[in-house]
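Encoded as structure tokens, the structure appears first; notes follow it.
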Amino acid sequence: MKKIMKSVLLMFALLLLCSTELPKVKAADAEGEKEAGRELTELREEYRAYQERLNGVKNRSQIEENGFCVLEEQVFTVTLESLGEVFFVPALDERYHRLILFFADEEERIVYRTDQLAMNFVRDGSLAQLVRDISAVSFQDVNGDLKTDIVLIASCSRGANQTRKPYQVGEVLFAGENGFYRDFRISDKINRFGMNKSVDVILSYVRDGKSTEFLYTAKTMKELSDNGFLVIEEQSYRREFEKLGSLLVVPGSITIADYDIFMIYLVNDEGMITWSFQPMGVHDNLYALRGIACRDIDGDGMKDLVVLARYSDEVAPGQQEIVSDYGIYYQRTGGFAEDSDFKRRFTCDENTKMEDLVYAARAYWGYVEEQEQDT
């Protein structure tokens, strides 16, 4: 009986606790909804004020007066079917770092403007973006309708980390009856699958249909080879991965518009791709693969994958820079996780060897042993 009474009292206490906590939970939810509502209202007000500034630009001389910084080096005179001969005047919003394209006639009146660009939608739900400059712009017929379209690439910063190479965002504006329109599906694929490296790469995709999408979606080695993927045979070998079994390490590349796009795949005995790596990061072109090592880096008893390569990057029009870089991928249950912590602390150069890289990475993890062979 005492046990029964004790259980009843315990149950009653729990019910009482729940009944007293429930109003607190509801109050917290209500307050959270109010806060979200306030943030949405503030964002709407910010956007309204921004649009007023943007639409307040009636003349070329008013661009900077309204808080937009003209990118003078990218101002061109161009003849467009829907607008005639106009000045192409790109500008950055000084507060929100958004890119705006103004088009002015010979009397410098603004006849068209747009900020509906892929680079202005990178940060979801935010008016503020990270555009720094225009990397490239080209005026030509992309889709074969005999109208001049615009191919555009913007350079974007990485937030507070100004030391890392900016990333690029590409866009195609197609000529319409009274201006330009964008196809968000094309913009998405250009940027999601790394086809924003140059105007030529974008044209290879949009105009000629040569896409890198298969590099990320292929399920088998046959799909890769059917689409022109070339294996770097001297760096391809079989390794036993503790969680994934015996797999063939397959590095290779595909050339699009003179750019070698580099990927690595792990392939099983049936030719199925079990994992893929994209070591290039923000680099433009594979210059030379220096090595791939499968060794335990973090001391958990499982082989990780280390890639050391040299890449070429365009630092100015027609000027290339050769840089060395690496990637480390830690084997985990069910796959791999890319390193970020060690990479913030160790920078390689042209003299760095694979043995140096492996030793430094192991030392970071407190796992320093005699260097064994790559097995």
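This chain uses plain numbering: 1 for the first residue, then up along the sequence. For clarity, every value in this text was computed on a predicted model and none was experimentally measured. No hydrogens, no waters, no symmetry mates; every other heavy atom, side chains included, goes into these values.
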key: Centroid separation Y287 to Y311 less than 6.0 Å   = no
query = Under a 4.5 Å side-chain heavy-atom rule over Ile, Leu, Val, Met, Phe, Trp and Tyr, are V231 and I261 clustered together?
reply = yes
task = Identify, with sequence neighbours excluded, every residue that meets salt bridge (charged side-chain N to carboxylate O under 4.0 Å, His left out) alongside E42.
result = none
inquiry  = With salt bridge (charged side-chain N to carboxylate O under 4.0 Å, His left out) as the criterion, how do R98 and D115 come out once you've worked through the C-alpha distance, each side chain's angles and the decisive distance to 0.1 Å?
reply    = CA-CA 8 Å; R98 299 172 67 87; D115 69 338; 3.5 Å; yes
task = Decide side chain to side chain donor-acceptor pair (under 3.5 Å) for Q140 and T148; before the verdict, give the C-alpha distance in whole Å, the side-chain angles of both, and the deciding distance to 0.1 Å.
result = CA-CA 5 Å; Q140 54 185 295; T148 303; over 6 Å; no
inquiry  = Once salt bridge (charged side-chain N to carboxylate O under 4.0 Å, His left out) is applied, do any residues pair with D149, and if so which ones, sequence neighbours excluded?
reply    = none
ask   = In terms of hydrophobic clustering (I, L, V, M, F, W, Y; side-chain heavy atoms under 4.5 Å; direct or indirect links), are Y181 and I190 co-clustered?
value = yes
note = Nearest heavy-atom contact between S211 and Y205 is CB-CD1, 3.8 Å
ask   = With F76, which residues qualify under ring pair (Phe, Tyr, Trp, His ring centres under 6.0 Å), at least two apart?
value = none
task = Test D313 against V323 for side chain to side chain contact (heavy atoms under 4.5 Å, CB included), laying out the working first.
result = CA-CA 8 Å; D313 292 327; V323 297; 3.6 Å; yes
ask   = Is there a donor-acceptor pair closer than 3.5 Å between any side-chain N or O of N66 and the backbone N or O of Q62?
value = yes
ask   = When the ring planes of F103 and Y112 are compared, do they come out parallel, tilted or perpendicular, using 30° and 60° as the limits?
value = tilted
request  = State whether a side-chain donor-acceptor pair under 3.5 Å links D339 with Y329.
outcome  = no
inquiry  = So for atom CG, which belongs to D349, do other residues, nucleotides or ligands contribute more than 12 heavy atoms lying within a distance under 6.0 Å?
reply    = yes
note = For C294 and R239, the nearest pair of non-hydrogen atoms, with its separation, is SG-CG, 3.9 Å
query = Are the side chains of Q331 and E242 in touch, meaning some heavy atoms are under 4.5 Å apart?
reply = yes
message = According to a hydrophobic-cluster definition based on side-chain heavy atoms being under 4.5 Å apart (Ile, Leu, Val, Met, Phe, Trp, Tyr only), do I254 and L203 belong together?
response = yes
key: Flag for S312-E321: side-chain donor and acceptor within less than 3.5 Å   = no
message = Using ring centroids (six-membered ring only for Trp), state whether W365 and Y330 fall under 6.0 Å.
response = yes
request  = May I ask you to decide whether R95 forms a salt bridge with E46, counting only side-chain N to carboxylate O separations under 4.0 Å?
outcome  = yes
ask   = Between the main-chain N or O of T41 and the side-chain N or O of E45, is there a donor-acceptor pair closer than 3.5 Å?
value = no
ask   = Does the side chain of F184 come within less than 4.5 Å of F121's, by heavy atoms?
value = no
query = Would you say the side chain of R310 lies within less than 4.5 Å of the side chain of R290, judging by non-hydrogen atoms?
reply = yes
task = Step by step, work out the side chain to side chain donor-acceptor pair (under 3.5 Å) result for D260 and T255.
result = CA-CA 4 Å; D260 289 332; T255 302; 2.4 Å; yes
query = So, T114 versus Q116: side-chain donor-acceptor pair below 3.5 Å or not?
reply = no
ask   = With N55, which residues qualify under side-chain contact (heavy atoms from CB on, under 4.5 Å), at least two apart?
value = Q51, R113
message = Can you list, by chain and residue number, the hydrophobic cluster partners of L127 when the side-chain cut-off is 4.5 Å?
response = L43, Y47, Y50, L54, V57, I63, F68, V70, V75, F87, V89, Y96, I100, F102, I110
ask   = Looking at L92 and D133, what are the two nearest heavy atoms and their distance?
value = CD1-N, 4.4 Å
With K243 via salt bridge (charged side-chain N to carboxylate O under 4.0 Å, His left out) - residues at least two apart = none
inquiry  = Per the salt bridge (Lys or Arg N to Asp or Glu O under 4.0 Å) rule, what does the pair list look like for residues 326-335, sequence neighbours excluded?
reply    = D298-R332, D300-R332
query = Could you go step by step and tell me if E52 and R48 meet the salt bridge (charged side-chain N to carboxylate O under 4.0 Å, His left out) rule?
reply = CA-CA 6 Å; E52 283 187 1; R48 184 196 61 77; 2.3 Å; yes
query = Would a hydrophobic clustering, with Ile, Leu, Val, Met, Phe, Trp and Tyr connected at side-chain separations under 4.5 Å, put Y237 with W275?
reply = yes
inquiry  = One pair to check against side chain to side chain contact (heavy atoms under 4.5 Å, CB included): I273 and L266. What are the steps and the verdict?
reply    = CA-CA 6 Å; I273 296 169; L266 299 182; over 6 Å; no
task = Would you mind listing every salt bridge (Lys or Arg N to Asp or Glu O under 4.0 Å) that reaches into residues 136-148, with sequence neighbours excluded?
result = K147-E177
task = Tell me, yes or no, whether the heavy-atom count around R185 atom CZ, taken from other residues, nucleotides or ligands under 6.0 Å, exceeds 12.
result = no
ask   = So which pairs with a foot in residues 200-217 pass salt bridge (Lys or Arg N to Asp or Glu O under 4.0 Å), sequence neighbours left out?
value = K189-E213
message = Taking the ring of F241 and the ring of F336, is the distance between their centroids below 6.0 Å?
response = yes
request  = Name all pairs fulfilling the ring-ring contact (aromatic ring centres under 6.0 Å, His included) condition that reach into residues 245-274, sequence neighbours left out, sorted by first residue then second.
outcome  = F229-Y265
key: Co-membership, hydrophobic cluster, residues I232 and M280, 4.5 Å side-chain   = yes
ask   = Going through the checks in order, is the side chain to side chain contact (heavy atoms under 4.5 Å, CB included) test met by V142 and V151?
value = CA-CA 8 Å; V142 175; V151 181; 3.8 Å; yes
query = What residues form a salt bridge (charged side-chain N to carboxylate O under 4.0 Å, His left out) with K353, not counting sequence neighbours?
reply = none
request  = Please examine the side chains of I328 and K343, heavy atoms only from C-beta on, and report whether any two atoms are closer than 4.5 Å.
outcome  = no
ask   = Looking only at heavy atoms, what is the nearest atom pair of E314 and D284, with distance?
value = N-OD2, 2.9 Å
task = For the residue pair N191 and N196, confirm or rule out a side-chain donor-acceptor distance under 3.5 Å.
result = yes
key: E350 side chain to S324 side chain, donor-acceptor N/O pair below 3.5 angstrom   = no
query = Do S82 and N178 come close enough that some side-chain heavy atom pair is under 4.5 Å?
reply = no
inquiry  = Under the salt bridge (Lys or Arg N to Asp or Glu O under 4.0 Å) definition, can you give me all pairs with a residue in residues 60-72, not counting sequence neighbours?
reply    = R60-E108
Exercise: identify the closest heavy-atom pair between A361 and I297 = CB-CG2, 3.6 Å
Taking every non-hydrogen atom, the tightest pair across A218 and E223 = CA-OE1, 3.6 Å
inquiry  = Applying side chain to side chain contact (heavy atoms under 4.5 Å, CB included) to V267 and T274, what does each step give before you reach the verdict?
reply    = CA-CA 6 Å; V267 183; T274 62; over 6 Å; no
inquiry  = Between E171 and R182, is there a side-chain heavy-atom distance shorter than 4.5 Å?
reply    = yes
inquiry  = Taking the side chain as everything from C-beta on, heavy atoms only, tell me whether C348 gets closer than 4.5 Å to L357.
reply    = no
request  = Check whether any side-chain heavy atom of I134 lies under 4.5 Å from a side-chain heavy atom of I153, and answer yes or no.
outcome  = no
